[in-house]
2 protein chains.
Amino acid sequence: MELDNRKIIILKTIIKNYLATGEPVGSRTISKESGLSLSSATIRNEMSDLEEMGYILQPHTSAGRIPSDKGYRFYVDSILQESDNRVSEVTDIMLKRVDKLENLLKQMVKILAVDTNYAALVSGPVLSENKIRYLQLSQPSPVKLLLILVCEGNIIKTELISCKKPLDTEELLNLNLLLNNSLAGRSFKEITPKLIAELLVQAGSQRNLVSTILNAVVELMETGEESRDIYTSGATNILKYPELSETDKAQKLISAFEEKDELKELVAEVTRSETDNSHNVTVYLGGEGPIQNMQDCSLVTANYELGEGLRGVIGVIGPKRMDYEKVLHSMQVMMDQLDRMFGKEE
Amino acid sequence: MELDNRKIIILKTIIKNYLATGEPVGSRTISKESGLSLSSATIRNEMSDLEEMGYILQPHTSAGRIPSDKGYRFYVDSILQESDNRVSEVTDIMLKRVDKLENLLKQMVKILAVDTNYAALVSGPVLSENKIRYLQLSQPSPVKLLLILVCEGNIIKTELISCKKPLDTEELLNLNLLLNNSLAGRSFKEITPKLIAELLVQAGSQRNLVSTILNAVVELMETGEESRDIYTSGATNILKYPELSETDKAQKLISAFEEKDELKELVAEVTRSETDNSHNVTVYLGGEGPIQNMQDCSLVTANYELGEGLRGVIGVIGPKRMDYEKVLHSMQVMMDQLDRMFGKEE
DNA sequence: GTTAGCACTCTTTATCATCGACTGCTAACA
DNA sequence: TGTTAGCAGTCGATGATAAAGAGTGCTAAC
């Protein structure tokens with residue numbers, strides 16, 4: 001059987017209606033709302049077909065139809081295609097100019113949550129190619145060394161290191177020189193065992209100390225997923241959707257949002273799976289890919305990039321019957337905002 | 001009327017039972033469980049008295065009694081007294097040695113939540129008297145200055161500052177000298193307008209730059225409540241208690257845990273209200289003090305101190321019928337752990 | 001002072017009939 | 001052949017009613 005135009009219209013009507021109400025939709029409703037002038041009986045026949053083809057299903061005999069995963073998938077894909085061509089309207093979301101990136105992201109995720117009425121998350125950006133600009137050692141107290149690492153994009157990281165015996169000024173200067181000579185300009189990957197070995201040889205008597213420092217540097221450089229910041233908002237929106245608010249499911253979901261660990265993995269997974277999409281907008285339906293343990297949920301994600309290779313993920317989690325059109329649009333607007341704010345700058 | 005011994009036993013039995021079940025408790029239950037060999041009828045008479053005295057109340061005519069706020073207060077206070085004398089048993093909570101304080105706190109709050117089955121929060125520590133140990137300026141790129149501020153307790157803060165024109169090495173050195181001379185050893189309060197004015201005079205041609213730097217320093221020093229980190233865990237435990245899991249209340253509470261802003265205020269308020277209690281353990285009943293908008297909740301808080309004046313707040317939020325005994329005990333154990341870990345060190 | 005017993009209240013739970021929203025099928029129609 | 005009207009049948013939702021259960025207050029007796 002073929003999915004002809006009329007079937008498509010009916011399918012879309014069913015889905016839209018279901019998204020809006022959360023209730024199974026019956027043939028009469030469609031007959032009235034689809035725009036087609038067909039009687040409910042005809043619709044019923046078509047619906048029979050659609051069910052047979054697997055796009056919709058019936059929770060129980062005397063109920064209307066709800067979209068199946070295949071149906072959702074079809075719908076989401078067709079929206080995704082449309083919105084590529086659509087110019088996102090300029091909405092006047094007032095993202096007040098904020099001083100810190102962190103605050104900006106917090107603000108963004110909040111707006112997204114309020115705007116969509118779903119749970120939203122944003123990952124802090126991670127440098128894809130994190131290069132050391134320079135590093136600096138100083139000595140706050142006799143047996144402590146402060147390591148300051150400045151990376152491309154002015155990312156600053158510090159670490160306190162204990163050392164056995166105090167260094168005098170000259171030693172400190174030499175150490176700084178030595179480290180900068182070999183490490184400045186290098187990315188994480190370029191700190192090879194060979195390089196480390198060389199450095200240790202050059203270090204001479206300071207061998208142990210240099211080794212400790214190198215460990216600290218490597219640790220700081222590992223912008224590992226574990227260290228990624230995740231900001232969330234609107235987790236409790238989940239409670240608004242009956243199909244998710246059964247105590248058990250809601251608990252799991254909201255916990256995931258609170259503890260963040262799961263979200264980190266999720267972000268990691270999303271980051272890995274690159275597509276050629278412009279902002280890499282992807283829709284995962286419950287059970288697929290990164291959200292296997294989130295039944296009945298949908299996850300919409302997009303990647304953002306702030307220039308200089310700073311990249312992160314933004315996402316919205318809601319029930320399967322989420323208003324995809326709206327969510328995709330909201331995300332688009334967010335992306336545009338970010339592009340505008342950071343495209344111009346620097 | 002007087003609260004004689006028998007009344008106290010009955011009252012405690014009522015409360016304990018209510019805490020365990022969440023259901024109003026009737027006279028027969030008490031007759032069986034109180035340990036007193038009295039018939040339910042006698043108990044009923046006593047309960048009448050207790051109700052008249054305001055310690056308990058009846059949700060509706062044909063129901064048992066539940067503790068009133070006055071009842072809770074009585075109960076909590078009596079526990080608090082007891083547990084002062086009690087040696088906290090050593091429980092073998094495995095707080096794995098963690099490298100970062102942040103992780104330790106996260107671990108702690110998680111344990112507390114799991115252990116008590118309520119929602120738990122811990123605030124990151126804040127230096128009560130935050131003194132600058134030294135500060136350092138360096139120049140990562142021609143028009144950027146990196147300000148590094150090292151405070152007592154090895155708290156390190158950094159800030160990137162833009163400057164109009166590049167400084168040469170000597171200027172940078174002088175600037176560092178100037179700033180350290182006047183600021184090192186000072187606490188936030190000691191950076192007075194007078195001091196600032198003096199500094200600006202000494203700065204001479206670098207006046208503008210020094211002003212910018214000073215602003216940054218002051219900003220970094222303000223360990224304002226807004227910048228306090230808050231770690232939470234177990235927010236969804238709230239859903240386990242019927243009296244809180246009505247969508248509306250649960251939503252509010254869990255949101256508070258997610259967005260953290262409210263919690264920050266709460267912590268601020270708790271911090272302000274000092275008592276002479278050893279760990280400053282306090283129980284707030286729903287509506288009292290910092291949790292006015294959290295009806296039907298109780299908040300148990302304690303202060304912790306990590307030496308060097310690093311202080312923070314730890315707390316548990318649950319329904320009014322929370323198992324105070326257990327919570328207070330768990331918190332006690334946490335405090336002991338912290339004391340042990342940080343008392344020995346340094 | 002304590003207790004047994006009874007009448008009364010009020011919530012909870014179960015049961016049952018009714019209603020309404022659907023579907024699927026058949027037969028008629030264009 | 002595609003479309004439609006109509007009807008029987010299914011199943012969940014709703015609401016009313018009854019029965020059960022838990023508790024109290026009061027009174028009278030011990």
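Just so we're on the same page: letters track the sequence lines, and every chain starts at 1. If you're wondering where the values come from, they're calculated on a predicted model, not measured in any experiment.
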Fill in: Contact state string [nucleotides 3-12 of chain D, B base, S sugar-phosphate only, - no protein heavy atom under 4.0 Å]
SBBB---BBS
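- For B/Ala20, there are no side chain to side chain contact (heavy atoms under 4.5 Å, CB included) partners, not counting sequence neighbours.
- Under the 3.5 Å distance criterion, with hydrogens and angles disregarded, no donor-acceptor pair is assigned to the side chains of A/Glu258 and B/Ser233.
- Atom pair A/Leu57:CG and C/dT23:C1' shows a separation of 15 Å (rounding to whole Å applied).
- Defined by atom type and a distance below 3.5 Å, a donor-acceptor pair is missing between the side-chain atoms of A/Glu33 and A/Thr13.
- Here B/Ser34 pairs with nothing under the side chain to side chain donor-acceptor pair (under 3.5 Å) rule; sequence neighbours left out.
- DNA chain D lies under 4.0 Å from no heavy atom of any residue of residues 12-33 of chain A.
- For A/Tyr241, the ring-ring contact (aromatic ring centres under 6.0 Å, His included) criterion is met by A/Tyr118, not counting sequence neighbours.
- Checking B/Tyr324 against B/Ser298 by side-chain atom types alone, a donor-acceptor pair falls below 3.5 Å.
- Residue B/Glu51 contributes atom CD, which lies 10 Å from atom P of D/dT24 at whole-angstrom precision.
- Rounded to a whole Å, the CD1 atom of A/Ile43 is 10 Å from the P atom of C/dT23.
- Between the C1' atom of C/dA21 and the CE atom of A/Met47 lies a distance of 12 Å, rounded to the nearest Å.
- Put simply, CG on B/Asp49 is 12 Å from P on D/dC26, counting in whole angstrom units.
- We find that CD of B/Glu52 is positioned 14 Å from C1' of D/dG25, with the value rounded to whole Å.
- Between the side chains of B/Ser255 and A/Thr236, a donor-acceptor pair is found at a separation under 3.5 Å.
- Under 3.5 Å, the side chains of B/Arg28 and B/Ser40 contain no donor-acceptor pair of N or O atoms.
- A/Lys249 pairs by the side chain to side chain donor-acceptor pair (under 3.5 Å) definition with A/Asp296, not counting sequence neighbours.
- Of the nucleotides present, C/dA27 is the one that pairs with D/dT4 by Watson-Crick or G-U wobble criteria, both distances under 3.5 Å.
- Rounded to a whole Å, the CG atom of B/Asn5 is 17 Å from the C1' atom of C/dG1.
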